[in-house]
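Scroll down for the structure; my scribbles are underneath it.
Whatever order the structure lists them in is the order used to number ligands and atoms, beginning at 1.
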Amino acid sequence: MGSDELLTSPSFLFLLMARLLLLVKLRILGAFVALIHLLGLTRAPAGFPHSGNGLWYNKPGTLWSRELLPVGNGYQAAMIPGGTMQEATQLNIESLWSGGPFADQAYNGGNKLPREQTAMAEAMQSIRQTIFNDPTGDIDTIEVLATDPGQYGSYAGAGYLLSNINSTGPVTGYSRWLDLDEGVARTTWTQAGAKYLRTTFCSHPTQACTQHITTTTPSASLPSLSYTFSPGLEHNLPAPNVTCLNSSSLLVRGFVSVAPSPPSMLYSFIFRVSASTASSSVRCIQFPVPSGSPPNATIEVTGTDNSAGLQEAHVTWVGSTDYSMDAGDAAHNFTFRGADPHSSLLALLLLSPATFSVQSLLDQHIQDYKATLTTPFCLSFSSSTWSIRNLVDIPTDILLSQYAIDAGGKANVYLEWVMFNYGRYLLASSARGLLPANLQGKWANGIGNAWSADSNINIQMNYWIAETTNLDVTQSLFDFLQKTLAPRGAETAKVLYNITRGWVTHNEIFGHTGMKLGGGTFAQWMIHVWDHFDHTNDVTWWKCQGWPLIKGVASFHLDKLIPDLYFNDSTLVVTPCNSPEQTPITFGCAHAQQLIWQLLNAVEKGFAASGDTDVVFLDEVRAKRDKMDKGLHIGSLGQLQEWKVEKDSLTDTHRHLSHLIGLYPGYAIISYDESLQGGGKQTTYTKDEVVSGALISLLHRGNGTGPDADSGWEKVWRAAAWAQLGDRDRFYHELSFAVSENFGENLFSLYDPSDSEAIFQIDGNLGYSAAVMNAIIQAPDVPTLATPLIITLLPALPKQWDTGSIKGVRVRGGISINLCWTEGKLKQASFSVDALIISRPVKVVYAGKVLRSFITSPGSREDITGL
Ligand SMILES: *[C@@H]1O[C@H](CO)[C@@H](O)[C@H](O)[C@H]1NC(C)=O
Ligand SMILES: *[C@@H]1O[C@H](CO)[C@@H](O)[C@H](O)[C@H]1NC(C)=O
Ligand SMILES: *[C@@H]1O[C@H](CO)[C@@H](O)[C@H](O)[C@H]1NC(C)=O
Ligand SMILES: *[C@@H]1O[C@H](CO)[C@@H](O)[C@H](O)[C@H]1NC(C)=O
Ligand SMILES: *[C@@H]1O[C@H](CO)[C@@H](O)[C@H](O)[C@H]1NC(C)=O
Ligand SMILES: *[C@@H]1O[C@H](CO)[C@@H](O)[C@H](O)[C@H]1NC(C)=O
Ligand SMILES: *[C@@H]1O[C@H](CO)[C@@H](O)[C@H](O)[C@H]1NC(C)=O
Ligand SMILES: *[C@@H]1O[C@H](CO)[C@@H](O)[C@H](O)[C@H]1NC(C)=O
């Protein structure tokens with residue numbers, strides 16, 4: 001058939017007509033939606049927070065990573081579609097992980113065997129020699145040091161809770177929302193004359209999640225309800241045994257994967273159903289199943305005939321596994337295997353007794369939530385405007401679809417503010433368990449997740465907001481370092497590096513500290529440890545947990561630094577190293593050198609408070625720090641070099657900003673001090689030269705759309721870095737570029753946003769909030785406690801956020817700050833110090849001028865007014 005024929009064929013004409021009609025319809029629909037909002041004809045749901053602090057939609061969600069809404073308490077998490085007759089709540093347990101010693105008895109954290117120590121030491125020596133002798137300072141491969149990750153496994157989804165309502169008929173008046181003032185997800189709709197309200201929350205104090213259903217129509221009662229557990233919806237999760245624990249509780253017990261020996265990780269839930277009225281009956285019914293199939297059961301709730309009927313019911317669930325972080329050391333043979341969780345789950349349920357009303361569980365949750373998130377800290381952008389109907393009344397998916405780069409406008413600013421709060425919500429709702437927030441916080445669907453949803457380079461970005469936005473959520477991170485990485489990492493140090501003091505890690509949950517084949521990311525976590533102490537001045541914590549972590553890693557690096565035999569400039573360098581996720585394996589990588597320098601400074605700054613008397617160690621730290629290469633070299637193009645041997649290309653738009661770690665979130669670049677560079681024949685630069693080198697590198701790294709790189713996290717990192725350089729236009733461009741490109745309707749940061757099953761990467765959400773903070777207030781670390789701390793107010797405030805206030809910001813030196821601004825100008829700022837270890841000099845800078853200088857003292861307070 002030729003093209004003429006095609007054009008005149010009746011079916012083609014029909015198709016064309018249909019297309020045109022659809023187009024016209026869509027146009028009309030679009031205009032209609034806009035008109036509805038303009039006229040204020042849509043309304044946020046009645047219970048939506050008046051503050052505007054939340055997300056809402058007028059249709060249920062179906063796509064997991066783009067539409068479902070997250071709730072969590074750190075121990076457990078859940079994704080809420082907002083269904084009506086059936087709610088399929090997707091569940092997570094924080095430690096549910098396939099692989100590791102649970103799947104392979106020989107699993108040893110990706111380490112070489114002890115008997116390979118000498119061979120490795122020799123290989124290491126020869127690798128170093130090759131690197132130093134190579135004209136470009138490179139080596140093609142260091143595969144001999146790496147291991148096959150083998151049974152590395154993945155963080156896994158834990159199945160679905162199906163909550164059914166036996167009702168039929170058309171649904172009207174539908175909305176669902178996530179309340180970020182209270183940490184609660186709700187769905188409401190009307191069907192067959194009854195208005196329903198379903199409420200879901202995960203409470204941190206009780207470690208339990210609760211889902212409540214009620215009808216708010218006085219005369220209507222609920223039809224019968226049922227609750228079942230479905231592994232089938234969780235891709236590849238083997239079917240567990242589902243049995244009746246008693247008349248109102250379902251017991252779920254299953255293995256994360258089919259592995260007869262050793263048994264894979266056991267997971268278990270107990271779902272307990274309560275209905276408050278005497279006129280209801282709750283029954284657990286064991287389904288008939290074919291013999292050989294795992295048992296299955298359901299809980300049914302019905303109103304009894306002789307009364308007003310069923311008014312409300314709720315299900316409360318707790319879940320856990322037999323993983324134990326406390327069994328991740330040599331004394332437990334690195335088994336990570338803990339007790340069967342059954343008795344601890346029963347004990348947990350006692351914290352939310354069946355006799356408690358949902359209201360009292362909810363009140364307790366909200367009180368804890370506010371104390372964690374909203375009382376200590378608050379950011380507003382022109383606080384009163386959100387209540388204007390046509391902002392709060394626009395559903396979140398429409399707000400996002402109308403969002404434009406660089407545009408500003410109240411609707412955009414409102415969305416930017418919600419997303420900032422959402423970042424804090426996601427961190428607090430995922431980090432307050434026993435394990436830190438991973439690449440997906442604690443929200444993951446299916447048995448295998450992208451990059452295992454693990455915690456290597458991304459975890460650092462996850463925590464950028466923790467200290468400054470006053471979130472007390474870092475304990476699990478430090479426990480993870482201490483109990484999971486340090487014990488096995490000491491073995492890695494010994495077997496792989498022939499270093500008998502301290503520890504090192506290259507990765508993950510079952511203490512995977514060895515070097516993975518195909519990658520050698522030398523993760524550096526210690527910024528968080530030092531920063532926690534620096535922001536809180538918590539000496540007790542520092543002595544027992546922070547300092548030992550810092551000392552362990554610093555000890556390792558003292559031995560890892562070796563003389564540079566390439567340049568013979570009398571400096572110490574690390575080798576082999578790579579710049580995270582870049583190819584060359586070389587020596588003196590800027591990323592590692594800057595971080596180690598910062599780490600050794602932290603040793604000196606924290607030594608006095610640690611109570612440690614090991615001055616030999618301190619002296620060695622000082623001596624090696626002075627001699628080491630600082631990772632700051634300016635290349636022929638004016639750029640800050642990524643490696644000590646110049647290999648940079650100005651067309652390299654790699655996703656990572658590894659060599660700019662000292663710009664943000666570190667300080668080797670931004671707090672550069674010429675007098676501290678010392679050592680050998682090192683070139684010293686002025687601060688201006690170093691900072692403009694960083695600027696050139698940042699500029700040429702592009703806007704975060706390079707190869708394998710169009711994700712949110714790299715754009716928000718760039719935004720934070722531009723804010724650090726005081727460039728508010730570039731800051732806002734990158735930030736708004738990320739918002740417009742990389743977020744789903746549920747405001748999850750997506751790696752591949754055009755895919756309907758896009759991959760969620762929480763670091764984009766959490767890094768977003770950190771970038772916003774960095775435009776409003778900055779107090780980068782300094783090399784010594786005598787160096788003045790420079791607190792810069794509104795360093796990169798975009799004109800779009802011209803009026804606002806922030807309260808409860810925490811910066812270094814244990815200083816708390818409140819400030820407000822109107823029409824782009826600072827109005828007022830106050831500084832207060834509570835706990836104090838040592839008095840520190842502070843300079844407050846605004847618009848390029850020092851506004852105030854002071855020395856901190858216990859209870860000191862400084863107010864800047866009358867601006
Ligand atoms: C400890 O674990 C290793 C494998 O990592 C195994 O070969 C060994 O038998 C275990 N030892 C004990 C005492 O269980
Ligand atoms: C390993 O370290 C030990 C102790 O420092 C040292 O004696 C030995 O020479 C090292 N082995 C190699 C091959 O470098
Ligand atoms: C659901 O409701 C219908 C109509 O009221 C009833 O016939 C049926 O038995 C109910 N099913 C269950 C499982 O309760
Ligand atoms: C149990 O029954 C429910 C409801 O029929 C079903 O969705 C679920 O997949 C079943 N569970 C198992 C383990 O087969
Ligand atoms: C069923 O067991 C759960 C968990 O121990 C308990 O909280 C609940 O009170 C029990 N219910 C009944 C009716 O025995
Ligand atoms: C499920 O039940 C079967 C049969 O009783 C049992 O062999 C199996 O160990 C049970 N699985 C779990 C996880 O408890
Ligand atoms: C550096 O010193 C080593 C060992 O002394 C020597 O082999 C090498 O040629 C020197 N390199 C340069 C660039 O001078
Ligand atoms: C991002 O960078 C690419 C490549 O330089 C350019 O084509 C594109 O217009 C930029 N987009 C934005 C929003 O800056």
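Among protein residues, N241, R253, G254, F255, L266 come within 4.0 Å of ligand 6, judged on heavy atoms.
A donor and an acceptor atom, one from each side chain of N111 and T492, are located under 3.5 Å apart. Using a 3.5 Å distance cut-off with no hydrogens or angles, the side chains of D652 and Q582 do pair a donor with an acceptor. Side chain to side chain, N241 and T243 fail the donor-acceptor criterion of an N or O pair below 3.5 Å. For the residue pair Q117 and N498, a side-chain donor N or O sits within less than 3.5 Å of a side-chain acceptor on the partner.
The salt bridge (charged side-chain N to carboxylate O under 4.0 Å, His left out) pairs that include a residue from residues 229-255 are R253-D340, where partners are two or more places apart or lie in different chains.
If you look at M124 next to ligand 2, there are no close heavy atoms at all, none under 4.0 Å.
Shown in contact with Q125 at under 4.0 Å from a heavy atom are these atoms of ligand 2, numbered in order with element: 14 (O).
Salt bridge absent: K715 and E741 never bring a charged side-chain N and a carboxylate O closer than 4.0 Å.
Contacts of Y566 classified as ring pair (Phe, Tyr, Trp, His ring centres under 6.0 Å), with partners at least two apart in sequence or in another chain: F587. Every ring pair (Phe, Tyr, Trp, His ring centres under 6.0 Å) that H654 has, sequence neighbours left out, goes to H656.
Using a 4.0 angstrom heavy-atom cutoff, H733 counts as in contact with ligand 8.
Residue-to-ligand polar distances keep E122 apart from ligand 2: every N/O pair is separated by 3.5 Å or more.
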